[in-house]
Amino acid sequence: MSILAWIIITSLLGGILSVLAAALFALNARGEYLGGLVSYAIGALLGAVFLDILPEAFQQASNLPAVSGMVLVGILMFFTLEKVLIWRHCHHEHCEAHEPHEQAGHDHGRSGTMVIVGDTFHNFIDGIIIAAAFLVDVHLGVVTSLAIIAHEIPQEVGDFAVLLHSGYSKLRAFQLNLISSFATLVGGVLGYVALKDMQSLVPYLLALAASSLIYIAVADLIPGLHKRTRMRDTVQQVVLILLGVGTVALFGSIAPA
């Protein structure tokens with residue numbers, strides 16, 4: 001199977017599967033499973049970064065300090081971007097970014113349209129990341145796609161919640177999220193076309209992808225785990241994180257090279 005075919009299939013299936021899985025949680029109110037899903041996603045993200053993406057970026061690079069610097073730049077860039085988005089949605093003191101998670105029961109003006117626009121852009125970038133990974137080899141592409149799907153599910157659950165609080169019906173929220181998921185396919189195809197003749201940029205794009213996944217895991221997902229402080233919850237979180245890492249390692253060992 002050609003590299004472009006791999007990119008199309010994983011981008012398409014990854015987007016659709018993440019929306020379907022998120023709908024199962026969000027639309028059927030099975031939120032008690034979301035914490036475990038987040039823990040698993042953290043392990044998958046960090047496993048993909050440190051077991052596959054960064055080693056491949058370093059192997060492909062001719063300038064290791066520059067690639068490491070790109071990881072740092074990427075983390076700072078995603079921090080700045082998230083701050084800008086929070087500022088954009090918080091025009092007053094009481095908004096979801098300023099309240100404890102358990103009190104955020106209503107949509108405080110965060111537009112459903114803006115959520116879809118932001119999610120579409122995020123999915124487009126995910127597609128480019130998938131394309132860059134597959135251009136290195138199929139093994140890395142499969143592992144990267146797995147990590148992206150793992151973190152997309154809890155994100156999509158959050159998007160469903162925001163859309164429902166913004167007044168969208170369950171059917172309309174599902175339709176909008178599904179349409180948004182096709183941006184991954186668009187980003188994957190465009191990434192393949194743009195990068196196949198610019199291989200020198202691939203290590204830096206992989207480093208940027210690694211910084212994105214690190215930031216999502218450490219800044220966005222891990223803080224939520226600290227709200228559950230019981231020893232039983234902590235043990236469960238650690239086990240699920242290790243399971244996420246183990247899944248990436250397993251897929252990395254069996255994925256075609």
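Sequential numbering from 1 along the given sequence is applied to the chain's residues. In this text the structure is predicted, and so the values were computed from the model without any measurement.
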Counting only N and O atoms by type, is there a donor-acceptor contact under 3.5 Å from the side chain of Ser181 to the main-chain atoms of Leu178?
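A pair under 3.5 Å: yes.
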
Name all residues meeting the side chain to side chain donor-acceptor pair (under 3.5 Å) criterion together with [X]; count only those two or more places apart in sequence or in a different chain, and write none if there are none.
X: Thr10; result: none
X: Gln59; result: none
X: Tyr40; result: Thr247

Who are the side-chain contact (heavy atoms from CB on, under 4.5 Å) partners of [X], not counting sequence neighbours?
X: Val136; value: Glu56, Gln60, Leu140, Val202, Leu206
X: Leu225; value: Val38, Ser39, Ile42, Gln237, Ile241
X: Ile75; value: Val71, Ser211, Ile214, Tyr215
X: Ser2; value: Leu4, Ala5

If we ignore angles and hydrogens, is there a donor and acceptor under 3.5 Å between the side chains of Ser180 and Asn123?
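Yes, side-chain donor-acceptor contact under 3.5 Å.
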
Looking only at heavy atoms, which two atoms of [X] and [Y] are closest? And how far apart?
X: Ala147; Y: Ala44; result: CB-O, 3.8 Å
X: Thr120; Y: Ala183; result: O-CB, 3.3 Å
X: Gly191; Y: Leu135; result: O-CD1, 4.4 Å
X: Phe50; Y: Pro55; result: O-CG, 3.6 Å
X: Gly188; Y: Ser11; result: CA-OG, 4.3 Å

Any chance CZ of Phe58 has more than 12 other-residue heavy atoms, nucleotides or ligands included, within less than 6.0 Å?
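Counting neighbours around CZ of Phe58, more than 12 heavy atoms of other residues, nucleotides or ligands fall under 6.0 Å, so yes.
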
Between [X] and [Y], is there shared hydrophobic-cluster membership here, with clusters defined by ILVMFWY side-chain heavy atoms closer than 4.5 Å?
X: Leu240; Y: Val49; value: no
X: Leu146; Y: Met1; value: yes
X: Tyr192; Y: Ile9; value: yes
X: Leu190; Y: Ile7; value: yes
X: Leu72; Y: Tyr204; value: no

Any residue meeting salt bridge (charged side-chain N to carboxylate O under 4.0 Å, His left out) with Arg230, in chain and number order, not counting sequence neighbours
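For Arg230 the salt bridge (charged side-chain N to carboxylate O under 4.0 Å, His left out) partners, ignoring immediate neighbours, are Asp233.
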
Separation of [Y] [atom2] from [X] [atom1] (nearest 0.5 Å):
X: Thr234; Y: Met231; atom1: OG1; atom2: CE; value: 6.0 Å
X: Ile8; Y: Ile3; atom1: CD1; atom2: CD1; value: 12.0 Å
X: Ile125; Y: Ile148; atom1: CD1; atom2: CD1; value: 10.5 Å

Could you go through residues 12-22 and list every donor-acceptor pair under 3.5 Å that involves a side-chain atom there, pairing it with any protein atom two or more places apart or in another chain?
| from | atom 1 | to | atom 2 | distance (Å) |
| --- | --- | --- | --- | --- |
| Ser18 | OG | Gly14 | O | 3.1 |
| Ser18 | OG | Gly15 | O | 2.9 |

Does any non-hydrogen side-chain atom of [Y] lie less than 4.5 Å from one of [X]?
X: Met70; Y: Val67; result: no
X: Ser145; Y: Phe134; result: yes
X: Val248; Y: Asp52; result: yes

Determine, step by step, whether Met77 and Leu208 satisfy the side chain to side chain contact (heavy atoms under 4.5 Å, CB included) criterion, reporting the C-alpha distance in whole Å, the side-chain angles of both residues, the deciding distance to 0.1 Å, and the verdict.
CA-CA 10 Å; Met77 182 182 73; Leu208 195 61; 3.8 Å; yes

Taking only residues at least two apart or on different chains, which pairs with a member in residues 58-78 satisfy salt bridge (Lys or Arg N to Asp or Glu O under 4.0 Å)?
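Those involving residues 58-78 do not exist here.
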
Please go through Val245's hydrophobic cluster and name the other residues, only I, L, V, M, F, W, Y counting, with side-chain heavy atoms under 4.5 Å joining them.
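Joined to Val245, directly or through intermediates: Leu51.
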
